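Structure first, then comments.
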2 protein chains.
Amino acid sequence: MSQRNTAVTDQVTDCPIREVLALIGDKWSAQVLVELGDGPRRFTQLERAIEGVSRRMLTLSLRNLERNGLVTRTVHPDSPPRVEYATTALVEEIREPLEALSAWARRAAPAITEARHAYDTRREEPVTPRA
Amino acid sequence: MSQRNTAVTDQVTDCPIREVLALIGDKWSAQVLVELGDGPRRFTQLERAIEGVSRRMLTLSLRNLERNGLVTRTVHPDSPPRVEYATTALVEEIREPLEALSAWARRAAPAITEARHAYDTRREEPVTPRA
DNA sequence: CTGGATCCGCGCGGATACTG
DNA sequence: CAGTATCCGCGCGGATCCAG
């Protein structure tokens, strides 16, 4: 079974939000779901769409999503091989809150940047009074 | 500055959902926000409420949340020291989608467990036909 | 009580090469 | 095209000790 696909998921505690993170909280899975939101995609399409992902990690992410019932994998008996991934009904149920979080991220970005700057400068000044 | 509090956050790509994960996608931050959802809490209260968290990670998580403007830290000049943490208005805006995700996690749990089981057995049988 | 400092293991994830 | 196999660095996070 190569690389243990039970990696991210399985047991956590019993905090629901932790369960969600266990499902899509790794580096690429959430973005995969986003890409699949516009309809089924082939492996290479995903690879190109998701900037910076390696084939290895894309495969692992897709395997996990598939194992947890969030993504389906259908192999078309063509040559060259042709595999399509798609989201399941389970994912539809979280599309909306996920969109809400995305929208919030965009809206809050300036405030967050400012908060970071404020925090950082607030912690630097006491160290180097002048300079 | 000790341990680089820029750990999780800062630059990612430009996928909004990745930004959210960068903010609260680490092991404990989301759960901290959940605990603070019922009102301000002291450090030790959080430590006890969040099963399995170490003082170190709780501190780091709180520092990150504070730095990104999601949590406030107020020190009451008492002896022994008394520090209270609370969520900011920024967090209020995502309480609802976060709740939605939590609710979904609870609802979907059986389906996910079943999907895992189906996937696992489906992958084991071809290996050991009998046994 | 509320942390900070240090040490360290382990697993995520990147790079690369190989395959049906 | 759609993966798999192997190697490996690095950073997350746990354990422990110390401090105001």
Side-chain angles (χ1 to χ4, degrees), chain A residues 1-13 18 21-22 24-32 40-66 71-85 123 126-127, chain B residues 1-13 18 21-22 24-32 40-67 71-85 123 127:
Chain A
M1 194 179 290
S2 70
Q3 191 124 9
R4 63 184 311 242
N5 39 29
T6 77
V8 183
T9 311
D10 288 8
Q11 228 64 349
V12 182
T13 54
R18 292 275 306 271
L21 289 174
I24 62 168
D26 68 323
K27 194 169 181 181
W28 305 106
S29 293
Q31 207 170 345
V32 168
R41 291 286 183 275
R42 303 179 54 175
F43 186 87
T44 308
Q45 285 181 312
L46 290 173
E47 189 182 1
R48 280 192 294 255
I50 302 175
E51 174 111 11
V53 72
S54 64
R55 288 207 290 284
R56 170 182 143 81
M57 290 315 297
L58 182 54
T59 301
L60 289 180
S61 299
L62 287 168
R63 290 292 173 279
N64 260 307
L65 292 171
E66 186 193 0
V71 158
T72 62
R73 175 178 183 269
T74 64
V75 182
H76 298 81
D78 301 3
S79 180
R82 180 199 165 92
V83 181
E84 283 209 333
Y85 293 92
R123 303 237 113 188
V127 181
Chain B
M1 195 178 293
S2 68
Q3 191 127 6
R4 63 183 312 240
N5 38 29
T6 78
V8 183
T9 313
D10 287 11
Q11 229 65 347
V12 181
T13 54
R18 291 275 307 270
L21 289 174
I24 61 169
D26 67 324
K27 193 169 182 182
W28 304 106
S29 293
Q31 206 169 346
V32 168
R41 292 285 184 273
R42 302 181 53 177
F43 186 86
T44 309
Q45 285 181 312
L46 290 173
E47 189 182 2
R48 279 192 295 254
I50 302 174
E51 176 112 7
V53 72
S54 64
R55 287 206 289 282
R56 169 183 145 81
M57 290 316 296
L58 183 55
T59 301
L60 289 179
S61 299
L62 287 167
R63 289 294 171 278
N64 261 306
L65 292 170
E66 185 193 359
R67 187 171 105 96
V71 157
T72 61
R73 176 179 183 268
T74 63
V75 182
H76 298 81
D78 300 2
S79 181
R82 180 199 164 94
V83 181
E84 282 209 332
Y85 293 93
R123 303 239 115 188
V127 181

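Because only heavy atoms are used, hydrogens play no part in the values below, and waters and symmetry mates are left out as well, while side chains stay in. Here the structure is a predicted model, which means the values were calculated and not measured. A, B, ... follow the sequence lines: proteins, then strands. Residue 1 opens every chain.
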Q: Start with the C-alpha gap between A:T59 and A:R56, add the side-chain angles, then the distance that decides, and say whether side-chain contact (heavy atoms from CB on, under 4.5 Å) holds.
A: CA-CA 5 Å; A:T59 301; A:R56 170 182 143 81; 5.9 Å; no
Q. Are OP1 or OP2 of C:dC1 and a side-chain N or O of B:R55 less than 4.0 angstrom apart?
A.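 Negative; the distance criterion is not met.
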Q | Side-chain N or O of B:S54 closer than 4.0 Å to phosphate OP1/OP2 of D:dG13 | A |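 Checking B:S54 against D:dG13: no side-chain N or O falls below 4.0 Å of OP1 or OP2.
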Q: Go through A:D26 and A:N64 one step at a time and tell me if the side-chain contact (heavy atoms from CB on, under 4.5 Å) criterion holds.
A: CA-CA 10 Å; A:D26 68 323; A:N64 260 307; 5.7 Å; no
**Q.** For A:R82, salt bridge (Lys or Arg N to Asp or Glu O under 4.0 Å) partners two or more places apart
**A.** A:E84
Q: Please confirm whether any donor atom in the side chain of A:R56 sits under 3.5 Å from an acceptor in the base of C:dG13, or the reverse.
A: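 By the distance-only test, yes, there is a pair.
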Using whole Å, report how far [atom1] of [X] lies from [atom2] of [N].
| X | N | atom1 | atom2 | value |
| --- | --- | --- | --- | --- |
| A:L60 | D:dA5 | CG | P | 11 Å |
| B:K27 | C:dC12 | NZ | C1' | 13 Å |
| A:R63 | C:dC12 | CZ | C1' | 18 Å |
| B:Q45 | C:dG3 | CD | P | 13 Å |
| B:L58 | D:dG14 | CG | C1' | 14 Å |
| B:D26 | C:dG13 | CG | P | 13 Å |
| A:E47 | D:dA2 | CD | P | 9 Å |
| B:M57 | C:dG3 | CE | P | 15 Å |

Q: Mind checking the CZ-CD1 spacing from A:R18 to B:I50? Nearest 0.5 Å is all I need.
A: 9.0 Å
Q: Identify the heavy atoms of B:S61 and B:W28 that sit nearest to each other, and give their distance.
A: OG-CB, 3.7 Å
Q. From the list D:dG13, C:dG3, C:dG13, which nucleotide is the closest neighbour of the side chain of B:R73?
A.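 When the side chain of B:R73 is considered, C:dG3 is the closest of D:dG13, C:dG3, C:dG13.
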Q. Of the candidate nucleotides D:dC1, D:dT4, D:dC17, which contains the atom at the shortest distance from the side chain of A:T59?
A. D:dT4
Q: Kindly indicate, with the supporting measurements, whether the criterion side-chain contact (heavy atoms from CB on, under 4.5 Å) is fulfilled by B:L21 and A:L21.
A: CA-CA 9 Å; B:L21 289 174; A:L21 289 174; 3.7 Å; yes
Q: Determine whether A:M57 and A:L60 make a side-chain contact, defined as any pair of heavy atoms from C-beta on separated by less than 4.5 Å.
A: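 With C-beta onward as the side chain, the pair touches.
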(Q) Within the 4.5 Å heavy-atom criterion, are B:R42 and B:E47 side-chain neighbours or not? (A)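 With C-beta onward as the side chain, the pair stays apart.
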Q: Using the side-chain contact (heavy atoms from CB on, under 4.5 Å) rule, take B:Y85 and B:V32 through it: C-alpha gap first, then chi angles, then the decisive distance, then the call.
A: CA-CA 10 Å; B:Y85 293 93; B:V32 168; over 6 Å; no
**Q.** Net bend of the helix from C:dC1-D:dG20 to C:dG20-D:dC1, end axes of five pairs each, nearest 10 degrees
**A.** 50°
Q | DNA chain D contacts made by residues 75-85 of chain A, counting heavy atoms under 4.0 Å | A | A:P80, A:P81, A:R82, A:V83, A:Y85
